[in-house]
Each structure stands twice: as structure tokens, then as C-alpha cells.
Number of protein chains: 2
Amino acid sequence: MKKKATLADVAAAAGVSKMTASRALRGVRDVSKANIARVRQAAQELGYVGNFLAASLSSQRSDLIGVVVPNLANIVFAQVLSGISEGIAGSGMQPVFGVTDYDPDKEYDIIRNMLSWQPAGLIVTGLDLPEATRRLLENAEIPVVQIMDIDGEPVDACVGFSHIRAGEEIAQALIAAGLRKFGYAGCALTMDVRAAKRRIGFQRALIQNGLDFVEEVEAFELSSIGAGRLLTEQLLKKAPDVDCIYFSNDDVAAGGLFYCLEAGIAVPGKVALAGFNGLSIASGFPGRIATVRTPRREIGRKAAEIICSALDGKPAGGEAIELTPEVDLGLIGARKG
Amino acid sequence: MKKKATLADVAAAAGVSKMTASRALRGVRDVSKANIARVRQAAQELGYVGNFLAASLSSQRSDLIGVVVPNLANIVFAQVLSGISEGIAGSGMQPVFGVTDYDPDKEYDIIRNMLSWQPAGLIVTGLDLPEATRRLLENAEIPVVQIMDIDGEPVDACVGFSHIRAGEEIAQALIAAGLRKFGYAGCALTMDVRAAKRRIGFQRALIQNGLDFVEEVEAFELSSIGAGRLLTEQLLKKAPDVDCIYFSNDDVAAGGLFYCLEAGIAVPGKVALAGFNGLSIASGFPGRIATVRTPRREIGRKAAEIICSALDGKPAGGEAIELTPEVDLGLIGARKG
DNA sequence: ACTGGTATCGGTACCGGTATCCATATCAGT
DNA sequence: ACTGATATGGATACCGGTACCGATACCAGT
């Protein structure tokens with residue numbers, strides 16, 4: 001029955017004006033101790049909750065930070081989110097998440113939707129946005145940070161690393177370790193632009209060394225352990241003599257490892273596996289999978305910090321922050337040695 | 001410079017009143033084709049985005065559904081979220097996520113925060129809420145669905161399954177398969193109430209059969225593969241003769257499996273492993289881990305549907321929907337014969 | 001007693017939309 | 001030509017807060 005209590009109700013109950021009640025609850029200057037206590041108490045008794053909508057509409061600002069990621073099934077993004085939480089801790093900001101499922105249309109809708117909440121800033125995954133989406137962000141007039149990638153032109157600021165270079169570097173390392181016959185197994189490369197960039201970098205390094213992929217297999221579903229198993233089986237059937245398989249990420253690589261373990265194929269003795277991301281699943285068999293460890297939490301934190309500092313007047317102005325991932329060959333180093 | 005276009009700007013540009021513009025953009029009755037086109041065009045040209053805050057404040061309703069989960073690192077909740085997305089598809093609702101990290105205080109804050117957005121409904125993980133949090137939900141006067149669990153008293157409606165019974169059932173099945181010497185390995189049981197409930201159910205079934213855990217080990221960190229490895233090593237050191245280990249979930253169990261594989265312990269030949277959730281990581285080695293497959297996506301979908309239908313006038317009124325998880329013994333059935 | 005300063009409060013005008021109700025135009029039917 | 005129904009547009013009053021500025025009270029200093 002009692003429809004939700006409003007600030008006016010609280011004020012009335014405390015015997016003060018709306019304004020005083022508002023100030024008391026927000027802890028803003030110029031309210032006597034006595035009134036603060038009275039208002040607090042009244043709010044408590046009425047179960048007053050406040051109305052974010054009215055507050056931000058009126059004050060023309062909000063403490064929301066919109067975060068757009070492609071996918072939550074991949075733990076990588078969960079970790080980015082956790083980094084973001086860290087980065088905004090204490091700033092009073094509140095993150096709001098949106099998931100695009102790698103669908104550009106959905107991405108456009110979600111970003112538009114988020115903008116309609118008048119967020120203070122936006123964190124968006126990826127640099128390669130459709131034109132319309134890009135315009136949306138450009139017109140938003142709020143700080144925008146694009147994360148995970150730096151191979152491209154950000155709308156505003158960006159934090160991430162070069163996937164092309166990451167692919168190149170692990171390829172160089174694997175070649176230096178003596179591997180020569182490379183296969184590739186990837187999932188959903190048309191959707192996952194960044195995985196595609198890594199593949200390109202990897203292949204570029206191969207070619208510079210007079211090599212190339214001996215064989216490639218691809219699945220169109222999203223990456224998963226199961227897909228990794230199947231792809232690996234396919235690849236080894238087509239090209240049994242590869243001595244290294246590069247996977248689009250660690251999930252797929254883990255599937256490959258599991259397949260090899262059950263099939264009795266020594267890893268990395270007979271065939272070396274390389275993935276991407278340094279996921280904990282790969283740590284289930286320490287060192288078996290070569291990987292590139294990426295600073296995900298760091299990226300989230302940095303992105304959040306950029307937004308927060310941009311809000312403190314400092315105009316971000318197209319910062320591009322490059323973090324460096326770290327190649328980890330695991331047991332491969334010891335393979336031939 | 002041009003500060004963001006408002007509806008008034010669009011209306012002016014289209015040569016109509018604010019109301020007509022509002023109606024045209026929302027596709028509500030009684031606007032001529034000609035004006036709809038004019039308004040649409042004007043909105044397009046001005047890059048008008050709309051203001052969710054003002055709209056919901058004015059109309060006294062919102063299309064937000066708040067979703068509170070404890071953790072995103074555990075894929076289970078990502079899948080619940082994806083089920084929720086399915087469930088609200090086409091209803092025009094929009095989910096907003098909050099993560100509590102299993103912290104009751106944070107949970108309270110997040111729920112309070114969400115309520116201040118005047119959401120149309122709330123989906124909250126778990127039945128066991130602190131008193132203050134519970135009151136918050138009771139006073140909210142919006143549909144609330146608690147998910148994942150049904151062992152307890154919901155504030156409003158709930159969708160899930162009985163963790164106690166899930167524990168009992170897999171225990172019964174394992175006993176029936178001939179296992180007798182059980183060990184337990186779990187993570188963060190004080191935080192993860194539902195894992196604790198499963199343990200209780202499991203133990204209850206053991207006792208009913210004149211058995212009990214031979215040995216238990218626990219870690220206080222959140223569940224992970226790494227923790228599973230260590231716990232398993234510890235447990236097998238303390239009690240080398242267990243023939244079955246029950247883990248708090250599949251992540252931990254997978255760690256156990258990996259440990260055994262590397263230590264050359266046959267699974268499930270020498271020791272059987274049982275977890276919970278039917279996670280894809282366990283499917284990396286099909287059948288090796290006994291598990292209870294839970295309908296996570298289903299839970300999310302159902303919860304979303306309850307909220308949506310509650311909003312269509314149908315007062316939900318304390319529905320408690322029990323879904324049944326499914327015991328999967330994997331290779332254990334074949335173990336002894 | 002008068003002035004000026006400080007600490008507290010309240011009144012009013014919004015923020016950007018939407019609900020509601022009223023006004024006007026158009027047209028068929030008699 | 002007049003009536004009433006139907007279709008369409010606009011005016012006004014909010015929704016629940018906050019910014020801004022002015023009002024009041026009280027006290028010290030001269």
C-alpha cells in the first residue's frame with residue numbers, strides 16, 4: 001500500500017525541508033549534526049532508498065561507467081571486469097556491463113542503450129568498430145576507452161596490446177626453439193577480430209623465416225575446449241607431421257592438449273602446443289602449453305583509471321597505452337635440450 | 001560545443017511539438033506517417049540518443065531487470081546470465097548485472113544501488129540473505145526471483161534446485177556403484193553456502209548408509225583448478241586409501257583429475273572423482289569426473305520469464321520452481337565391472 | 001544598538017522526458 | 001449545412017530529485 005517513500009516523505013518525517021534532507025543524506029556541507037541524525041533516522045525508518053534516476057537527471061551527471069564486452073563465457077573478460085572494479089574503487093563510480101556476443105548490431109544497440117543512461121564514461125572492447133557505432137561514440141562527448149587492442153585508431157583513448165605483435169613474438173620464440181612445421185587451429189575468426197590479428201602476426205613471422213603454416217583448420221563456433229579437441233584431431237589427421245600447433249587461444253589449446261594426452265601423443269615432446277592468454281585452465285598442466293600471458297586485470301584497471309582521471313577535468317585526449325604481454329614457452333624450451 | 005540534442009531539439013527541427021516527437025519515436029498511436037518520417041529524420045540528423053533517465057522518471061517505470069550474482073569467474077553464472085538474456089528476449093527488458101564477490105555487505109550495497117534505479121524486477125542469487133538485505137527486497141514492491149537454490153524461504157519467487165538433495169543423490173549413486181571410502185575436498189565453504197549444502201546432503205547420505213567422510217580438506221580461497229590440485233594432493237597424502245573424492249564443484253574436481261593424471265593415479269580406476277555442475281572443463285576428459293549436471297541456462301530463462309509475466313499483471317506470488325539436476329557417473333559405472 | 005560574518009535552512013526553477021486531457025481538422029451520413 | 005465520429009496534434013502538469021540563491025538566526029566586535 002504505502003507507495004515507496006520519497007525524499008519529501010523523509011523530509012516531512014524529519015521535520016525539515018526536502019533540500020535539507022537531500023543534503024543530509026548526501027553528506028554535503030551546511031547541515032547541523034542534529035538534523036543529519038534526524039534525517040538519517042527518518043530515512044532508516046521509512047526504508048527510504050533514493051532514486052538514482054531523479055538524482056542524475058537533476059544533477060546532470062551520473063556515476064555510471066558503461067562497460068561493453070563481447071562475451072562472458074571467456075574468463076578473460078570476467079578478469080577485465082574485475083580489473084575495472086579495482087580501478088574505480090573509491091571513486092564512487094559504478095560499472096554497468098553489456099554483452100554483445102560478438103554481434104556488431106547488438107553492440108550498436110547496447111552502446112546506444114548505455115548512452116541513454118547518460119554514463120560518465122564508456123569502456124568498449126576492441127578497436128575495430130563499424131562506422132555507425134564509431135560515430136555514436138564520437139558524438140557522445142564523454143570519455144571513451146577502448147580496450148584489449150591497440151592495432152588501430154581509437155575514438156578517444158585506448159589501453160591494450162598489439163595482437164599482431166603478440167602473434168609475431170610467440171612465433172619467433174617457437175622458431176628459435178627449433179620448431180619448423182606449424183599447424184593452425186582456430187575458432188570463430190571472422191567474429192574474433194583480435195584472434196585473427198594474432199594469426200596474421202604469427203604467419204608474418206613464419207614467412208619472414210621462410211616458413212608458413214603447413215595446415216590450417218577452423219571451426220565457426222565460439223572457442224571451447226570441445227572445439228579444440230576436434231580441431232586438433234582433424235589437424236593431426238591431415239598433417240600428422242606438424243611439430244607445433246598454434247591455437248586461437250588457450251581454451252582451444254587446452255582442448256588440443258587434452259586430446260593429445262588421451263591419444264598418447266607427447267606434449268610438448270612430439271608436438272608443441274601454443275595458445276594465448278595464460279588462462280588458468282592451461283595451468284592445469286603447468287608448462288605444457290606455450291602461451292602469451294596478457295595483463296587483463298591491468299587493462300581493466302588502467303581503463304577505469306583513465307576514465308576517472310578524465311572526469312577530474314584532465315582531458316584524456318587520445319592516450320594510447322600499450323601494455324606488453326609476456327611470452328611463456330613453458331616446457332618447450334627444454335624439449336630438444 | 002553543441003550540447004547533446006534533446007527531444008525538444010528534435011521536435012523543433014521536425015516542426016512539431018515535443019509530444020508528437022516523443023510519440024513518433026516510440027511508435028505510439030496517432031501520429032501521421034508524414035510526421036513520423038519527419039521526426040525520425042530529424043532525430044537521425046541530430047544524432048539524438050534519448051534519455052533513459054528522464055523517460056523512466058517521467059513514466060514511472062523502467063525496463064530494467066537487476067541481476068545479482070556472486071561471481072563471474074565461475075562460468076556457471078555466465079551461463080545463467082545467458083539464460084536470462086534468452087528469457088527476456090523480445091520483452092523489451094534490459095538486464096543489468098551486479099557482482100558481489102560473495103561478500104554480504106557488497107551484496108547489500110549492490111541491491112540497494114539497483115533498487116535506486118527503479119528496476120522492474122530483480123533476480124538475486126541464493127536464498128540465504130542477511131536480514132537487512134531481505135527487508136530491502138521485501139519493501140521493494142517489485143517482483144523478486146531468487147535463483148540457484150530452493151532449500152529455504154524465498155522473499156517472493158524462486159527457481160533452482162535443492163543442493164542438499166543434489167549432494168544426497170550423487171552420494172547414493174556413488175555408493176550404489178560400490179564406492180565406500182570417501183574423501184571431501186572443498187573451497188571457500190563459508191562463503192559458498194550452496195556448496196556447503198551439497199556437502200551436508202552428501203554426508204547425510206553417507207551416514208544413512210553407515211559411512212562417513214574418511215578425510216576432509218578445505219581451502220579458503222575461491223574455487224579454482226589450482227586449488228583442486230593442491231587439495232587433492234593433500235587429501236591423498238592424508239588418506240591414500242580413499243576410493244572416491246567429492247569436490248565442492250567441477251573446477252576443483254578438474255584440478256583433482258589433472259593432479260591424478262600427472263601422478264599416474266588411474267581415474268576412475270584407482271580413485272573416483274565427483275564434482276558438481278557439469279562444466280565444460282570436465283568434458284575435456286569425458287566421463288572421468290562424476291558430476292551433477294545442473295540446468296543453469298534453464299534457471300536463468302525461467303527466472304526472467306517469471307519476472308516478465310509478473311509484470312504483465314500476473315502476480316507471481318511466491319512461486320517456487322524446482323528444476324531437477326541430473327546425476328552423471330561417467331565412467332564410474334564401468335569401473336568395477 | 002548596529003554591522004558584518006558564519007552557519008543553517010528553505011523556495012524556486014529546473015533536468016528531459018511522458019501521461020492525460022483538451023483542441024482542432026477532416027469527413028461520412030442525413 | 002449540421003452532427004458526430006475518427007484521427008491527429010498540442011498544452012500542461014508532473015516524476016523525484018538537485019543547483020542556485022536568498023533568507024534567517026545567532027554571535028562577536030565596536
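A note on names: the letters A, B, ... follow the listed sequences, proteins ahead of strands, and every chain is numbered from 1. Small disclaimer: the values here were computed from a predicted structure and weren't measured. Reckoned from all heavy atoms, side chains included, excluding hydrogens, waters and symmetry mates.
Remark: D103(B) engages no residue in a salt bridge (Lys or Arg N to Asp or Glu O under 4.0 Å) (not counting sequence neighbours). For S116(B), the side-chain contact (heavy atoms from CB on, under 4.5 Å) partners are V49(A), F52(A), N113(B), not counting sequence neighbours. When the salt bridge (Lys or Arg N to Asp or Glu O under 4.0 Å) test is applied to D109(A), no partner is found at least two apart in sequence or on another chain. With sequence neighbours excluded, the residues that form a salt bridge (Lys or Arg N to Asp or Glu O under 4.0 Å) with E298(A) are R301(A). Looking at residues two or more places apart in sequence or on another chain, you find a salt bridge (Lys or Arg N to Asp or Glu O under 4.0 Å) between E322(A) and R165(A).
The shortest distance between side-chain heavy atoms of V68(B) and I123(B) does not fall below 4.5 Å.
Considering only side-chain N and O atoms, Q60(A) lies under 4.0 angstrom from the phosphate OP1 or OP2 of dG16(C).
Each end of the helix from dA1(C)-dT30(D) to dT30(C)-dA1(D) gets its own axis, taken as the rotation carrying the C1' atoms of four end pairs onto the next four within a five-pair window, and the two axes meet at 50° to the nearest 10 degrees.
Every pair tested for ring-ring contact (aromatic ring centres under 6.0 Å, His included) that includes a residue from residues 73-100 of chain B fails, sequence neighbours excluded, so the list is empty. Applying the side chain to side chain donor-acceptor pair (under 3.5 Å) test to every pair with at least one member in residues 118-132 of chain B, sequence neighbours left out, gives these pairs: D128(B)-K197(B). Sorted by first and then second residue, the side chain to side chain donor-acceptor pair (under 3.5 Å) pairs with a member in residues 36-45 of chain A read N35(A)-R38(A), Q41(A)-E45(A); sequence neighbours excluded.
Listed by residue number, Y48(A), N51(A) are the residues of residues 45-52 of chain A with a heavy-atom contact under 4.0 Å to DNA chain D.
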Quick one: side chains of residues 88-95 of chain B, donor-acceptor pairs under 3.5 Å with protein atoms, not counting sequence neighbours, listed by atom name and distance.
{"from": "S91(B)", "atom 1": "OG", "to": "I88(B)", "atom 2": "O", "distance (Å)": "2.6"}
{"from": "S91(B)", "atom 1": "OG", "to": "M93(B)", "atom 2": "N", "distance (Å)": "3.3"}

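The CG atom of L115(B) sits 17 Å away from the C1' atom of dG17(D) (whole-angstrom rounding). One interatomic measurement links the two molecules: CD of Q118(B) to C1' of dG16(D), which rounds to 9 Å at whole-angstrom precision.
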Please list each protein N or O that sits under 3.5 Å from an N or O in nucleotides 9-14 of chain C, with the distance.
{"from": "dC9(C)", "atom 1": "OP1", "to": "S32(A)", "atom 2": "OG", "distance (Å)": "3.1"}
{"from": "dC9(C)", "atom 1": "OP1", "to": "N35(A)", "atom 2": "ND2", "distance (Å)": "2.2"}
{"from": "dC9(C)", "atom 1": "OP2", "to": "S32(A)", "atom 2": "N", "distance (Å)": "2.6"}
{"from": "dC9(C)", "atom 1": "OP2", "to": "S32(A)", "atom 2": "OG", "distance (Å)": "3.3"}
{"from": "dC9(C)", "atom 1": "OP2", "to": "N35(A)", "atom 2": "ND2", "distance (Å)": "3.3"}
{"from": "dG10(C)", "atom 1": "OP2", "to": "S17(A)", "atom 2": "N", "distance (Å)": "2.6"}
{"from": "dG10(C)", "atom 1": "OP2", "to": "S17(A)", "atom 2": "OG", "distance (Å)": "2.6"}
{"from": "dG10(C)", "atom 1": "OP2", "to": "T20(A)", "atom 2": "OG1", "distance (Å)": "2.7"}
{"from": "dG10(C)", "atom 1": "N7", "to": "R23(A)", "atom 2": "NH2", "distance (Å)": "3.0"}
{"from": "dG10(C)", "atom 1": "O6", "to": "R23(A)", "atom 2": "NH1", "distance (Å)": "3.2"}
{"from": "dG10(C)", "atom 1": "O6", "to": "R23(A)", "atom 2": "NH2", "distance (Å)": "3.0"}

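Taking the nucleotide of DNA chain C with the nearest heavy atom to each of R61(B) and L57(B), the more 5' of the two is matched to L57(B).
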